[in-house]
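All remarks here apply to the structure that follows.
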Amino acid sequence: MASCGILAGKVAFVTGAGSGIGRATCRLLARDGAKVIAADRNLQAAQETANQLNGERATAAAVEVDVASLTSVQQAVAAALSIYKQAPSIVVNSAGITRDNYLLKMPERDYDDVYSVNLKGTFLVTQQLAKAMIEQQLQGGSIINLSSIVAKMNNVGQANYAATKAGVISLTEVASKELGKFGIRVNCILPGYIDTPMVAVVPDKIKEQVVQKCPLARLGKPEEIAEVIAFLASEKASYVTGAAIEVTGGLK
Ligand code: NAD
């Protein structure tokens, strides 16, 4: 793997790094030269991601984080700062969960859990790492949040998930306005249906309907999201902030 790519000298902090889009993102950011902090509630899975990258001569470390907890996020940020003696200037908020159910049947707990991870978690990680970047006067910060096309499709059975992913778009835009003066760009991606463990549990019938409606007639691969994240992380996207980019194979 390249240690002299366009992200050389930068540290990237990726949540949800133990699986799916988060893991693929760690690989592509490392390919482009970033040193990676793979953060996940599942430390073993994050460690596997880091081990794979270190085995490919990249530089990666794993930290445990529950993005829904301020204390846990602060501990993970402190750990990240001590590992590379440098604040991350690339942050990817990929940790996310679903708890699908019809509105009339949805337990309060399933609403709260999805809110806490997807929206509050994105807020906490953004807040704590933006503070660290500003304190270290880092230039060229880039924060990339994972929303979802579900924020626009508003699928039946996903009131909690759709609302949090719509919230991520608003959070991204506000953060871009507040953090622009510190040279920090904030963008989000709206993936379509991507072939990860999250989508593996979606019934085949629904996946077939999605593929039929999708102009490119297939599910996406995690690397196809990670490539757009790597672009947004880099100076190639130096004038892109506050954007919500659909990466869906044309699915709307
Ligand atoms: P995934 O289930 O494969 O991975 C999610 C990761 O997040 C897991 O490793 C899990 O341990 C971690 N995680 C869950 N709760 C956490 C917490 N509280 N703190 C820290 N880590 C936690 O999911 P994925 O498909 O890779 O999705 C990544 C992101 O992309 C999510 O935000 C998801 O909502 C979004 N997204 C995915 C798709 C898709 O089709 N896969 C589509 C649109 C948006």
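In this chain, numbering begins with 1 at the start of the sequence shown. As the structure lists them, so they are numbered: ligands from 1, and atoms in each ligand from 1.
A salt bridge links Lys177 with Glu173: the distance from a Lys NZ or Arg NE/NH1/NH2 to an Asp or Glu carboxylate oxygen falls below 4.0 Å. Ionic pairing of Glu227 and Lys221 is not present here: no N-O contact between side-chain nitrogen and carboxylate oxygen is shorter than 4.0 angstrom. Glu56 has no carboxylate O lying under 4.0 Å from a charged side-chain N of Arg31, or vice versa, which leaves the two without a salt bridge.
Between Thr126 and Asn93, the side chains place a donor N or O and an acceptor N or O closer than 3.5 Å (distance only, hydrogens not considered).
No donor-acceptor pair under 3.5 Å is formed between the side chain of Asp110 and the backbone N or O of Met106.
Side chains of Leu146 and Val168 form no contact here, defined as non-hydrogen atoms less than 4.5 Å apart.
Within 4.0 Å of ligand 1, protein heavy atoms come from Gly16, Gly18, Ser19, Gly20, Ile21, Asp40, Arg41, Val65, Asp66, Val67, Ser94, Ala95, Gly96, Ile97, Val117, Leu146, Ser147, Ser148, Tyr161, Lys165, Pro191, Gly192, Tyr193, Ile194, Thr196, Pro197, Met198, Val199.
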